[in-house]
S.K.: 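Below you'll find the structure I mean.
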Amino acid sequence: MRKFWKKTAKKIPRYLKTRFLPFLEWLPELRSSSVMKADLIAGTTVALVIVPQSMAYAQLAGLPTYYGLYASFLPVIVSAVFGSSRQLATGPVAVISLLTASALEPIASSGSEGYIAYAIMLALMVGVFQIALGLLRLGVLVDFLSHPVVLGFTNAAALIIATSQLGKLLGVVAEKSEHHYETVWNILVAASEFTHWPTVAMSVVAIGLMYFLPRFWQKIPAILVAAVLTTVASWAMGFKENFGGAIVGAIPEGLPNFALPTVDFSYLLDLAGVAIAISLIGFMEAFSVAKSMSMRKTRQHLDANQELLGQGLGNLAASMFQGYAVSGSFSRSAVNLTAGAVTGFSSIVTGLLVAATLLFLTPILYHMPQAMLASVIIIAVAGLIRVKPIIDAWKVQKHDAVVAVITFVLTLAFAPHLENGIIIGVLLALGLFVYRIMRPNISLISRDSMGKFADARRRILETCCSISMLRFDGPLFFANTGYFSDQVLRAAASTEGLRYIIVDASSITEIDSTGEHMLHSLARELVDSEITFIVTRAKPEIMEIFERTGFASPEWSEYFTATREEAMDYAMKQMRICGDKPCGCTRDKCPMMTKPKPGTI
């Protein structure tokens, strides 16, 4: 007993270290000057990208631009310190910003005090939900967001995000409508008469720089170059004063103040669905990025529940320091990894440089054109539009492609209420999954010319009228026992002279009480019809169940065989053979009697 407590006492500090202080794993590595230098360079590089990008995403979320900077300060640091991935760059991202806007625009005016308060409250709800999932080790819930659902949603979200920036790219203002497609139409109508050409020129220059620079000089931060050049040009030409162009304007100097979020219980339930959607989609995006980096380069062990804690604490920090919901960014994480980040300290450097920007550099951002921020968003979401994976899904499983397309269409149709598209997509994916396991594949097995067992329908093989062998591919439980029983009885009724039904149980991975009871009853029913029911190749754990319930009792034990050959030998011994077929068979030959040739399996 004493040894047990000693071992437990040793394990507890390690558990606390990995669970609540994961940064202690990489902190000692900073003693190496090479690691410190690499993280300083990577953190600085990401900071150069995150400043203009976070301002653009805040604008997408319907918030003043500086709230993007607030969300890029402490949340970035906290997520890195308590998360599982060392190179994951957390902060404002496009999809989460869009979801924030879609949730809040129906209840408050964009940029108003009430809107900002609700955005902060939403970040609190997201953080609490993610922390709860992490502590309860429920990261597996993210699996309910299947790849086709996420694929359809992100493609639709990318189009919605891109079209939502048309007004800023063209320099026009249009009335917002109930549906996003109506708003886009209003923008296009306004642009046909009132396009602001200086703004269009700024947009073209910004998009051109961010698109072409990486293709010739990959190490140059294209976003920073575009931001600097367009801001200098705006200042030099008096873009606002002389041309009436929209600019960022004044940004409050200083760090965000600590303040507990105000919780409005009247809208708590209204925002709960969106908070859950943001929590799951945000974490799925973050963890997918982390796994991609781990598999591609770092080979780092990742803990989904630990990453949930890190992301949740990051959102909690955002809510307490005037930020909004954040997640892991694919583009900035890629920059972080490419720049040589080794530990989470690179994200700490990024957060501190954003803090320095808020303290000392905000006047420089005054003249940055709004068109520049819209261009950042356009470039960022271009990579989210992916058609090929939907085509690939169609080749693999048509149901998956259908789910992706329906989710895509519904997300567009319901915009700005994006959560409706996700919910319907998830329900549809789950419904199709349940349907598939209720109707699993049942293969009819015969022998080919070499005497090998094969799928008769797929290989177009002849079958025997006296012996029918079926393979059930999947778990046998209450939802599909009726289907299995119907298929077996149909085979018995449709084959004249059938004497034996052999069930290849090698693909039955598990069985419940309903499945076991059905098999037992089915065997007795077939015996009454003078048809012998044989089970072969059942897994050991399935056989243990049959033995415990008495199905494989001495009375029935001869009807359970280890191999298909043994099942066939038993059937042949019980039947009279007339030439190449059992006596009474109406066909010329029974292919099941073909013995395997030497050297075949």
S.K.: Please give me the minimum heavy-atom distance between P214 and L209, naming the atom from each residue.
M.R.: CD-O, 4.0 Å
S.K.: Could you tell me the separation between the OG1 atom of T195 and the CG atom of L188, rounded to the nearest 0.5 Å?
M.R.: 9.5 Å
S.K.: Minimum heavy-atom separation for K176 to S110, with atom names?
M.R.: NZ-OG, 4.4 Å
S.K.: Hey, does the side chain of S375 reach the backbone of A371 with a donor-acceptor pair shorter than 3.5 angstrom?
M.R.: yes
S.K.: Quick one: salt bridge (Lys or Arg N to Asp or Glu O under 4.0 Å) partners of R86, sequence neighbours excluded?
M.R.: E29
S.K.: Considering residues at least two apart in sequence or located in another chain, which fulfil the salt bridge (Lys or Arg N to Asp or Glu O under 4.0 Å) criterion with D270?
M.R.: none
S.K.: Holding to side-chain hydrogen bond (donor to acceptor under 3.5 Å, both in side chains), I want the full list of residues that pass it with S329, two or more places apart in sequence or in another chain.
M.R.: S331
S.K.: Could you walk me through whether I348 and V81 satisfy the side chain to side chain contact (heavy atoms under 4.5 Å, CB included) test, starting with their C-alpha distance in whole Å, then the side-chain angles of each, then the deciding distance to 0.1 Å, before giving a yes or no?
M.R.: CA-CA 8 Å; I348 295 176; V81 168; 4.1 Å; yes
S.K.: Looking only at heavy atoms, what is the nearest atom pair of A325 and I278, with distance?
M.R.: CB-CG2, 4.2 Å
S.K.: For the CZ atom of R386 and the CD1 atom of I391, what is their distance to the nearest 0.5 Å?
M.R.: 13.0 Å
S.K.: Walk me through it: do V76 and I50 pass the test side chain to side chain contact (heavy atoms under 4.5 Å, CB included)?
M.R.: CA-CA 10 Å; V76 173; I50 200 173; 4.2 Å; yes
S.K.: Atom CG of L30 and atom CZ of F23: how far apart are they, to the nearest 0.5 Å?
M.R.: 11.5 Å
S.K.: Rounded at 0.5 Å granularity, tell me how far CE in M368 sits from CD1 in I251.
M.R.: 7.5 Å
S.K.: Would you check, one step at a time, whether the test side chain to side chain contact (heavy atoms under 4.5 Å, CB included) holds for I390 with F408?
M.R.: CA-CA 11 Å; I390 298 178; F408 171 79; 5.8 Å; no
S.K.: Within the 4.5 Å heavy-atom criterion, are L412 and Y181 side-chain neighbours or not?
M.R.: no
S.K.: Are S164 and H180 close enough that a side-chain donor and a side-chain acceptor fall under 3.5 Å?
M.R.: no
S.K.: Does H367 use its side chain to pair, donor to acceptor, with the backbone of K240 at less than 3.5 Å?
M.R.: no
S.K.: Any side-chain to backbone donor/acceptor pair from E253 onto F360? Under 3.5 Å, distance only.
M.R.: no
S.K.: How would you list, by chain and number, every residue that makes a side chain to side chain contact (heavy atoms under 4.5 Å, CB included) with L260, sequence neighbours excluded?
M.R.: F258, M320
S.K.: Check whether any side-chain N or O of Q87 sits under 3.5 Å from a backbone N or O of L337 as a donor-acceptor pair, and report yes or no.
M.R.: no
S.K.: With heavy-atom distances below 4.5 Å as the criterion, would you say the side chains of Y66 and Q322 are in contact?
M.R.: no
S.K.: Scan side-chain atoms only and decide if S84 and D303 contain a donor-acceptor pair under the 3.5 Å cut-off.
M.R.: no
S.K.: Compare all side-chain heavy atoms of Q311 with those of L88 and state whether any distance is below 4.5 angstrom.
M.R.: yes
S.K.: Please examine the side chains of M55 and V376, heavy atoms only from C-beta on, and report whether any two atoms are closer than 4.5 Å.
M.R.: no
S.K.: Kindly list each side-chain donor-acceptor pair under 3.5 angstrom involving residues 113-130, sequence neighbours excluded, with atom names and distances?
M.R.:
residue	atom	partner	partner atom	Å
Y115	OH	A61	O	2.5
Y118	OH	D264	OD2	2.9
Q130	OE1	G312	N	3.3
Q130	OE1	N315	ND2	3.0
Q130	NE2	S279	O	3.1

S.K.: Ignoring hydrogens, what is the shortest heavy-atom contact between A374 and L169? Give both atom names and the distance.
M.R.: CB-CD2, 3.8 Å
S.K.: Could you check if a side-chain atom of S72 sits within less than 4.5 angstrom of a side-chain atom of P92, using non-hydrogen atoms only?
M.R.: yes
S.K.: Looking at E175, is its backbone amide N or carbonyl O close enough to the side chain of N186 to form a donor-acceptor pair, meaning the two atoms are under 3.5 Å apart?
M.R.: yes
S.K.: Got Y57 and I96 here, is their nearest side-chain heavy-atom distance under 4.5 Å?
M.R.: no
S.K.: Just how far is it from atom CG of L229 to atom OG of S234, taken to the nearest 0.5 Å?
M.R.: 12.5 Å
S.K.: If you take all heavy atoms of A101 and L60, which pair is closest and at what distance?
M.R.: CB-O, 3.5 Å
S.K.: Check the pair F265, L268 against side chain to side chain contact (heavy atoms under 4.5 Å, CB included), reporting the backbone distance first and the verdict last.
M.R.: CA-CA 5 Å; F265 290 97; L268 197 64; 3.7 Å; yes
S.K.: Looking at W26, I'd like to know if its CH2 atom is crowded, meaning that more than 12 non-hydrogen atoms belonging to other residues, nucleotides or ligands lie closer than 6.0 Å.
M.R.: yes
S.K.: Can you list everything that forms a side-chain hydrogen bond (donor to acceptor under 3.5 Å, both in side chains) with S333? Sequence neighbours excluded, please.
M.R.: none
S.K.: Testing the basics here: between A191 and L170, what is the closest heavy-atom pair and its distance to 0.1 Å?
M.R.: CB-CD1, 3.7 Å
S.K.: Supply the atom-to-atom distance M210 CE to I379 CD1, rounded to the nearest 0.5 angstrom.
M.R.: 5.0 Å
S.K.: Taking C-beta and beyond as the side chain, do T350 and R332 meet within less than 4.5 Å on heavy atoms?
M.R.: no
S.K.: Would you indicate whether the side-chain heavy atoms of L365 and T231 approach each other to under 4.5 Å?
M.R.: no
S.K.: Taking side chain to side chain contact (heavy atoms under 4.5 Å, CB included) as the criterion, tell me which of I422, L133, V426 meets it with L280.
M.R.: L133
S.K.: Quick one: do the S97 and Y324 side chains pair a donor with an acceptor below 3.5 Å?
M.R.: yes
S.K.: Taking the side chain from D39 and the backbone from T343, do they hold a donor-acceptor pair closer than 3.5 Å?
M.R.: yes
